[in-house]
Amino acid sequence: MTKSATIEGTKHYANKFAGRAADGHFREAQGLVVSSLGIGTYLGQPDPKTDASYTAAITAAAESGINVFDAAINYRFQRSERNIGAAIKQLAAKGFSREEFVVCTKGGYLTPDGSMPEEPNEYFFREYLQPGIFTGKDIVAGSHCITPRFLENQLGRSLGNLGLDCIDVYYLHNPETQLGEVSPPDFLERVRDAFIYLESAADAGKIQFYGMATWSGFREEAKSARGMQLAELAQIAEDIAGKKHRFRFVQLPFNLGMTEALTLGNQSMGGKDRTVMEAASELGITLIASASLLQGQVARNLPGFVAEALGLEDDAERALQFVRSSPGITAALVGMSRVEHVQANARLVNVAPATVDQFTKLFSRGESA
Ligand SMILES: NC(=O)c1ccc[n+]([C@@H]2O[C@H](COP(=O)([O-])OP(=O)(O)OC[C@H]3O[C@@H](n4cnc5c(N)ncnc54)[C@H](OP(=O)(O)O)[C@@H]3O)[C@@H](O)[C@H]2O)c1
């Protein structure tokens, strides 16, 4: 039997923090219990020192009440996935089971293996073009591909890097990159092919759910040719697999400086304008926030009204509190390659999410500031 996050495992995880974790820190999503903070692994050098630091940080996060781990195959040239794998092994020795963790990764970007080869073109020719894993016409922006053959290859590599036989959430990584070179109808056909493959991977137990991890795709104005419509994408999944489709997660940047998911009505649902948060909720899709600290930029020097509205000890906490308390966000991903940052951010595990009153105060002051 393949091992993945389970309801029993994730509940057992949350129970370990009973009496310590505040109400509302753990939430239920797609039948799993997930923490309101997740650890991201994007930034940092592709070197052994950063590997050791990430492995320690992921282990510390799990020990502090954070059970969502996020990577992508291309993060630090596959090293971040390997660091998550190493941490899960260390955590097993400390009594944590695989079923307690929601492990998420992404495919779509070409990446070398561990470090940049001296001759990158030769590497990609040997590894991909020669064996027919992609052809030149499958690639956009010189580095992005979502064909089934490529995804199958990348998923296999990610499973190996993580040392797992099932990934809980497998995202297409910035699929909107394709819209830079292919027309919207062709894009949707590519998405359909990718989803057919991902549904088959879910049937085979290699992934539990799939989704899209995006940067700009869900933050564009409604009429933008570079934007994506969640309802249209969910319909593709439903056409393929019916109401029980596994397209259940969307990741998008959301932080004090990028609030579109909450404030921009760029989604069309039954002829009505909806925000991404509203659309996701109607469609049964879980939203995960990325770049919760705007890559560190909102961890300090926030205007005083944020502290007045949210309280707490420092700006990094306030910035994360904003994201994890927003209606519709299940988990706020924060990149943490250092244990000190895990320890600082995990203070929020003991803090209940902001109340509606606090949130309203934040927005009314934000508008008048
Ligand atoms: N399109 C996509 O799919 C996409 C795009 C962006 C991000 N993501 C995901 O979302 C995750 C989070 O985004 P991100 O890593 O880009 O940016 P982020 O979470 O907004 O910021 C991460 C940065 O903040 C620092 N930091 C963490 N806690 C801090 C604290 N308490 N005080 C001061 N600085 C602190 C980290 O430092 P240290 O590393 O030194 O601890 C790191 O430099 C990523 O790691 C990735 O998993 C996905």
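Just so you know, ligand 1 is whichever comes first in the structure, and atom 1 is the first atom listed for that ligand. Values in this document were obtained by computation on a predicted structure and should not be read as measured data.
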S.K.: Less than 3.5 Å apart, any donor N or O on the side chain of Glu199 or His245 sitting next to an acceptor on the other?
M.R.: no
S.K.: Would you mind listing which atoms of ligand 1 come within a distance below 4.0 Å of any non-hydrogen atom of Ala213?
M.R.: 3 (O)
S.K.: Can you find a side-chain donor-acceptor pair between Asn161 and Ser158 that sits under 3.5 Å?
M.R.: no
S.K.: In terms of residue, atom name and distance, what is the protein heavy atom nearest to atom 26 (N) of ligand 1?
M.R.: His341 ND1, 3.6 Å
S.K.: Pick one of side chain, backbone, both or neither for how His173 approaches ligand 1, counting any non-hydrogen atom pair under 4.0 Å.
M.R.: side chain
S.K.: Quick check: does any side chain N or O of Asp168 sit under 3.5 Å from a backbone N or O of Val103, one acting as donor and the other as acceptor?
M.R.: yes
S.K.: Ala299 heavy atoms, cut-off 4.0 Å: which ligand 1 atoms fall inside?
M.R.: 33 (C)
S.K.: Using a 4.0 Å heavy-atom cut-off, which part of Lys106 comes near ligand 1: side chain, backbone, both, or neither?
M.R.: side chain
S.K.: Ala344 to ligand 1: N or O pair under 3.5 Å?
M.R.: no
S.K.: Looking only at heavy atoms, what is the nearest atom pair of Ser292 and Val298, with distance?
M.R.: O-CG2, 4.0 Å
S.K.: Tyr170 and Tyr210: aromatic ring centres closer than 6.0 Å?
M.R.: no
S.K.: Of the protein's non-hydrogen atoms, which lies at the shortest distance from atom 39 (O) of ligand 1, and what is that distance?
M.R.: Ser337 OG, 2.7 Å
S.K.: With a heavy-atom distance limit of 4.0 Å, tell me whether Asn255 approaches ligand 1 through its side chain, its backbone, both, or neither.
M.R.: neither
S.K.: To the nearest 0.1 Å, how far is atom 42 (C) of ligand 1 from its closest protein heavy atom, and which atom is that?
M.R.: Gly335 O, 3.7 Å
S.K.: What is the nearest protein non-hydrogen atom to atom 10 (O) of ligand 1, stated with its residue, atom name and distance?
M.R.: Ser290 CB, 3.3 Å
S.K.: Below 4.0 angstrom, N of the basic side chain to O of the carboxylate: do Asp70 and Lys106 qualify?
M.R.: yes
S.K.: Can you tell me the protein heavy atom closest to atom 6 (C) of ligand 1 and the distance?
M.R.: Trp215 CZ3, 3.6 Å
S.K.: Looking only at distance, does Ala291 have an N or O less than 3.5 Å from an N or O of ligand 1?
M.R.: yes
S.K.: Out of all atoms in ligand 1, which are within 4.0 Å of some heavy atom of Ala316? Include the element for each.
M.R.: 30 (C), 31 (N), 32 (N)
S.K.: Do the ring planes of Phe363 and Phe322 sit parallel (below 30°), tilted (30 to 60°) or perpendicular (above 60°)?
M.R.: tilted
S.K.: Measure Tyr171 to ligand 1 on non-hydrogen atoms and call it side chain, backbone, both or neither using the 4.0 Å cut-off.
M.R.: neither
S.K.: Does Glu176 use its side chain to pair, donor to acceptor, with the backbone of Ser216 at less than 3.5 Å?
M.R.: yes
S.K.: Indicate the atoms forming the closest heavy-atom contact of Phe77 with Met116, along with that distance.
M.R.: CE1-N, 3.7 Å
S.K.: Could you tell me which atoms of ligand 1, counted from 1 in the order shown, lie closer than 4.0 angstrom to a heavy atom of Thr214?
M.R.: 1 (N)
S.K.: Please write down residue, atom name and distance for the protein heavy atom closest to atom 40 (O) of ligand 1.
M.R.: Arg338 NE, 2.9 Å
S.K.: Does a side-chain N-to-carboxylate-O contact under 4.0 Å join Arg98 and Asp165?
M.R.: no
S.K.: Among protein heavy atoms, which lies nearest atom 44 (C) of ligand 1, and at what distance?
M.R.: Tyr42 CB, 3.6 Å
S.K.: Output yes when a side-chain donor or acceptor of Thr259 lies under 3.5 Å from a complementary backbone atom of Leu262, and no otherwise.
M.R.: no
S.K.: At under 4.0 Å between heavy atoms, is it the side chain or the backbone of Asn174 that contacts ligand 1, or both, or neither?
M.R.: side chain
S.K.: Going by distance alone, is a donor N or O of one side chain under 3.5 Å from an acceptor N or O of the other, for Arg157 and Gln78?
M.R.: no
S.K.: Main chain of Thr147, side chain of Asp193: is a donor-acceptor contact present, judged purely on distance under 3.5 Å?
M.R.: no
S.K.: For ligand 1, which atoms, with element, lie under 4.0 Å from some heavy atom of Asp70?
M.R.: 9 (C), 46 (C), 47 (O)
S.K.: Any idea which atoms of ligand 1 are less than 4.0 Å away from a heavy-atom of Leu294?
M.R.: 20 (O)
S.K.: What is the closest protein heavy atom to atom 43 (O) of ligand 1, and at what distance does it sit?
M.R.: Leu43 CD1, 3.8 Å
S.K.: Contact between Ser292 and ligand 1, counting heavy atoms under 4.0 Å?
M.R.: yes
